[in-house]
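Chain letters run A, B, ... following the sequence lines, proteins first and then strands; every chain starts at 1. Treat the numbers as computed from the prediction; the structure is a model and nothing was measured.
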Amino acid sequence: MESMQQIVARARAAFRSGRSRPLEFRIQQLKALERMVQEKEKEILAALKADLNKCGPNAYSHEILGVLGELALTMEKLPSWAAPQPVKKNLLTMRDEAYIGYEPLGVVLVIGAWNYPFVLVMQPLIGAIAAGNAVVVKPSEVSENTARLVAELLPQYLDKDLYPVVTGGVPETTELLTQRFDHILYTGNTAVGKIVMAAAAKHLTPVTLELGGKSPCYIDKDCDLAVACRRITWGKYMNCGQTCIAPDYILCDPSIQSKVVENIKATLKEFYGEDVKSSPDYERIVNQRHFRRVKSLLEGQKIALGGETDEASCFIAPTILTDVSPESKVMEEEIFGPVLPIVPVKSVEEAIEFINLREKPLALYVFSNNKQLIKRVISETSSGGVTGNDVIMHFFLSTLPFGGVGHSGMGAYHGKHSFETFSHRRACLIKDLKMESTNKMRYPPGSQKKVDW
Amino acid sequence: NPYAGLVSRLRASWLSGKTRPMEYRVAQLEALGRFLDDKKPEILEATASDLGKAPFEAELSEIFLCKNELHDTLNNLSLWMKDEKVDRTLAMQLDSAFIRKDPYGVVLIIAPWNYPIQLFLVPLIGAIAAGNCVIVKPSEVSKKTERLVAEALPSYLDKDCFAVVTGGVQETTRLLENKFDYIFFTGTPPVGRIVMTAAAKHLTPVTLELGGKNPCYVSDTCDVTNVARRVAWGRFFNAGQTCIAPDYVLCTIEMQEKLLPALHKAIDDFYGPNPRESPDFGRIVGDRQFQRVQRLLGSGRVAIGGQTDEAERYIAPTVLVDVLPSDLIMQEEIFGPILPIVIIASVDEAIDFINSRERPLALYAFSSDDKVVNQVLERTSSGGFCGNDTLMQVTLTSLPFGGIGNSGLGKYHGKFTFDTFSHHRGCLKRGMGREPLNAPRYPPYSPRKFGLIRATSKVTRTSGCALL
């Protein structure tokens, strides 16, 4: 069994060899990844089903389609992304070459999460390879089938030394984090995010932390409630609520609370039928520990819909809680489950104040026909990202940087933002050894005349 | 927590939204400009007292460069603040997609003593421009400048939103216990680690502008006179106390023979036969730093200079030869007016030497042969690079300034400072209509729906790969 130190050292030696730098090599590796995803589609879907009870079409569109899209985009754009960028010069540097060069950082660590276990290692990996780095991949041990599959597949398709996969739990990850990396991208929770950053600090390693929080969803009285609730239902209950950018809780006027419940109830029937438990499209909580955690959030709450649970299968029905108190447990932590609290607020001002008193969330949602109101909510709050009049969708536009702020994270990726995250932008100024006379101005002995000019 | 009150007061101001309107930010920035104009004599006096800084150097590095940044920012602020529209997929053509530049909130700027005005003021410009509230912590080592900043700066800026905190290691440690929304630190790698560790407790993003040993490769084919002048200028500016100064030279023994007399002449031209009497040559900032740099004179052999005067904290512009990689002077960033020459036999050896060490903040290569300069550039890694000159890469506000690895993380200057202090927030605004278009994504899932999703959101390679 190889030690972490040996694996990382081998990746570093492979990086130092320089072979990951030519664009041809990077594109070749990305093409191999593309082949892997296409050839092993069945195996990948089977792993996702085993880990999260995610069904075929759902898993494909959430985990595989996005990866294929990112691969195609990256391979297409890489030459233009990687090209040196000339910059504006001043009079003094007019005859010089001045540009920003994009260079790899070195050895990058990608730590994945269990809720979208395939895409959350693949998408960072694509960007890190594109930028010319060696990459150590550490999939989440909680989604063990996907972790095992990634560990088997990557060495079959990619350069084994440059892109090793490391598996294991907390002890292995802790040991891995003692090694020196040139960038760490971590997806997971806030508490572990702090641990990752503290470990990175020892080596002055820059980090991208994709964390979480309670993503608020404000529903204005002036909006098409049926449409709003359908979209919210989709985003909240997909993957059984285990989505970092799921609408965590709703803020709305008390007068529309019951209509919201009605609409969501109707939509749920549309989506999952009369008996949710038997719908092939409804997922399960990933494990017993999380099941118990989410179930405990229901204690003492007014359950307007759902509430049924089955520990043996980690099933929790789509649930709505009404008249939720801001001080209750369900409003303290990110829910990460199919439980939707509604907190009544009497005005958009109250909603904004409520949001701003809390940690900055990863996503923020606002539904309204009133464009000014949407603008106001966005400009008076802060969040990683925003979707107006829908949920989740900003994640799917790769030209938007995807990341958090404050407790929901730092840094961003997706598309070109991944390439930039994993690159060093090196300032380059190339002058002529001649033309020394223009330099005379700056040399001592100084004089007021020189200064005034 | 002695600073809790201050931080929460600034946070309350931040939440009030006061710093957001462009007019407010412009007013504060213009006030900073007036600070530089009104207090110019005091700035020159304070830096002369703290560092023996020549008025010319102070004017150039502490006032002129700052005003450039200020003007660049004021000229472009409205453009930088604008929401940045992004390309959309086919499915999102009717939506509005843009990146908003949100301020972070309450930010902390910790500055060092070597360019005591520039190194807090340039970050401050970007922090204000980005709409934040700011606490500035100038260095206690440059004492006179610290007092000037603490006494004079607050009266130019809105006291509700901007504050100056003074003190040493203890005070800075207590300050770092508080939650900030961004921390910008300029200083040494060991303290950089401490700052980042403190920041990790609050998940505060950081920019760390650190340092290292900036190599200066001089090839055999070059105009020795010009090389010597440019290298001497970069090394001895501010008595060597510059994070991007050429730290050591790598060249062949033949080149060293030519370089030494050229360096001697350059030093003579710049500072006269006795640099101690030149008004243009600086002093070491403090006794502790003086003793540290003086110890480095024991490495190798003194070829030029070597004189010191403890009372004045004067160290003559010095060049050392016969320096071995294992000597003390090659173990730490020199940060003083001493230039060691390390002999190598070829450009390959120089590149290997550079690559076996921590990545520096700056890297210099001199050659009349473009190919040689490019070789060094392409086969090494550093924060920034300048071919055939020293220091000049930081005078262009369009180039990012920052380190890599041990020399730092993050970057600033010009728009990069504004971007450093802004959260880039991805925003998508959709319409409530056209709901049928969303139908394929909803359960119950089916192969047909799935086919529709694929068709409408697929990204394909539009061309064959020309590179393969």
Quick check on A:R180 against chain B: is it the side chain, the backbone, both or neither that has a heavy atom closer than 4.5 Å? side chain
Between A:N389 and B:M432 (side chain of the first, backbone of the second, donor and acceptor by atom type, cut-off under 3.5 Å), is there such a pair? no
Let me know if A:E353 has heavy atoms under 4.5 Å from chain B in its side chain, its backbone, both or neither. neither
Can you say whether A:C55 sits under 4.5 Å from chain B via the side chain, the backbone, both, or neither, judging by heavy atoms? side chain
Quick one: are A:F395 and B:L428 in side-chain contact, heavy atoms under 4.5 Å? no
Portion of A:N439 that has a non-hydrogen atom of chain B nearer than 4.5 angstrom: side chain
Partners of B:P21 by side-chain contact (heavy atoms from CB on, under 4.5 Å), sequence neighbours excluded? B:E23, B:Y24
In terms of heavy-atom pairs under 4.5 Å with chain B, which of A:G403, A:S368, A:C428, A:P22 leads? A:C428
Between B:R425 and A:S383, a side-chain donor and acceptor under 3.5 Å: yes
Tell me, with the steps shown, if A:R442 and B:D389 meet salt bridge (charged side-chain N to carboxylate O under 4.0 Å, His left out). CA-CA 12 Å; A:R442 75 193 199 204; B:D389 209 337; 2.6 Å; yes
Between the main-chain N or O of A:A201 and the side-chain N or O of B:T197, is there a donor-acceptor pair closer than 3.5 Å? no
Are the side chains of B:M392 and A:L92 in contact, using a 4.5 Å heavy-atom criterion? yes
Quick check for you: to the nearest 0.5 Å, what is the distance between B:L203 atom CG and A:L211 atom CG? 6.0 Å
Where does B:E378 contact chain A at under 4.5 Å (heavy atoms): side chain, backbone, both or neither? backbone
What part of A:S408 gets closer than 4.5 Å to chain B, counting heavy atoms only: side chain, backbone, both or neither? neither
Side chain / backbone / both / neither for A:T233 at chain B, heavy atoms under 4.5 Å: neither
Minimal non-hydrogen separation, A:H417 against B:I99, with atom names: CE1-CD1, 4.2 Å
Flag the pair B:N355 / A:R16 as yes when at least one side-chain heavy-atom distance between them is below 4.5 Å, and no otherwise. no
What part of A:D96 gets closer than 4.5 Å to chain B, counting heavy atoms only: side chain, backbone, both or neither? neither
Is B:R441 salt-bridged to A:D390, cutoff N-O under 4.0 Å? yes
Could you have a look at B:G384, B:S368, B:G383 and say which one has the most heavy-atom pairs with chain A under 4.5 angstrom? B:G383
Which answer fits B:F416, side chain, backbone, both or neither, if we ask what part of it has an atom under 4.5 Å from a heavy atom of chain A? side chain
Measure distances from A:R231 to the heavy atoms of chain B and classify the residue's part below 4.5 Å as side chain, backbone, both or neither. both
Counting only heavy atoms closer than 4.5 Å, note whether A:A200 contacts chain B via side chain, backbone, both or neither. both
Examine whether an atom of A:F402 lies under 4.5 Å from a heavy atom of chain B, and if so say whether it belongs to the side chain, the backbone or both; otherwise answer neither. neither
In terms of heavy-atom proximity below 4.5 Å to chain A, should B:R229 be classed as side chain, backbone, both, or neither? both
Using non-hydrogen atoms only, which part of A:S279 is less than 4.5 Å away from chain B: side chain, backbone, both, or neither? neither
State, yes or no, whether a side-chain contact exists between B:S381 and A:E103 at a heavy-atom distance under 4.5 Å. yes
Do A:E420 and B:K411 sit within salt-bridge range, that is, some charged N less than 4.0 Å from a carboxylate O? no
Which residue out of A:S382, A:P57, A:S398, A:G411 racks up the most heavy-atom pairs below 4.5 Å with chain B? A:S382
When every non-hydrogen atom of A:V227 is compared with those of B:E435, the smallest separation belongs to CG1-OE1, 3.6 Å
Is B:K429 close to A:K371 at the side-chain level, that is, under 4.5 Å between some pair of heavy atoms? no
A:F367 side chain near B:R430 side chain, heavy-atom distance below 4.5 Å: no
Between A:H394, A:H424, A:M410, which shows the greatest number of heavy-atom pairs under 4.5 Å with chain B? A:H424
Between A:N356, A:N90, A:I378, A:T93, which residue shows the highest count of heavy-atom pairs closer than 4.5 Å to chain B? A:I378
Measuring only between side-chain heavy atoms, which start at C-beta, is A:H407 closer than 4.5 Å to B:K179? yes
Applying a strict 4.5 Å limit to non-hydrogen atoms, the region of A:E270 in contact with chain B is backbone
Should A:K88 and B:D72 count as an ion pair when the cut-off is N to O under 4.0 Å? no
So, the part of A:A412 with a heavy atom under 4.5 Å from chain B: the answer is neither
Going by an N to O cut-off under 4.0 Å, is there a salt bridge joining B:D102 and A:K360? no
Is a side-chain donor-acceptor pair under 3.5 Å present for B:S382 with A:R426? yes
May I ask you to test the A:I100-B:L399 pair for a side-chain heavy-atom distance under 4.5 Å? yes
Please check if the side chain of B:D223 supplies one atom and the backbone of A:L433 the other of a donor-acceptor pair under 3.5 Å. no
Proximity breakdown for A:T190 and chain B, heavy-atom pairs closer than 4.5 Å: both
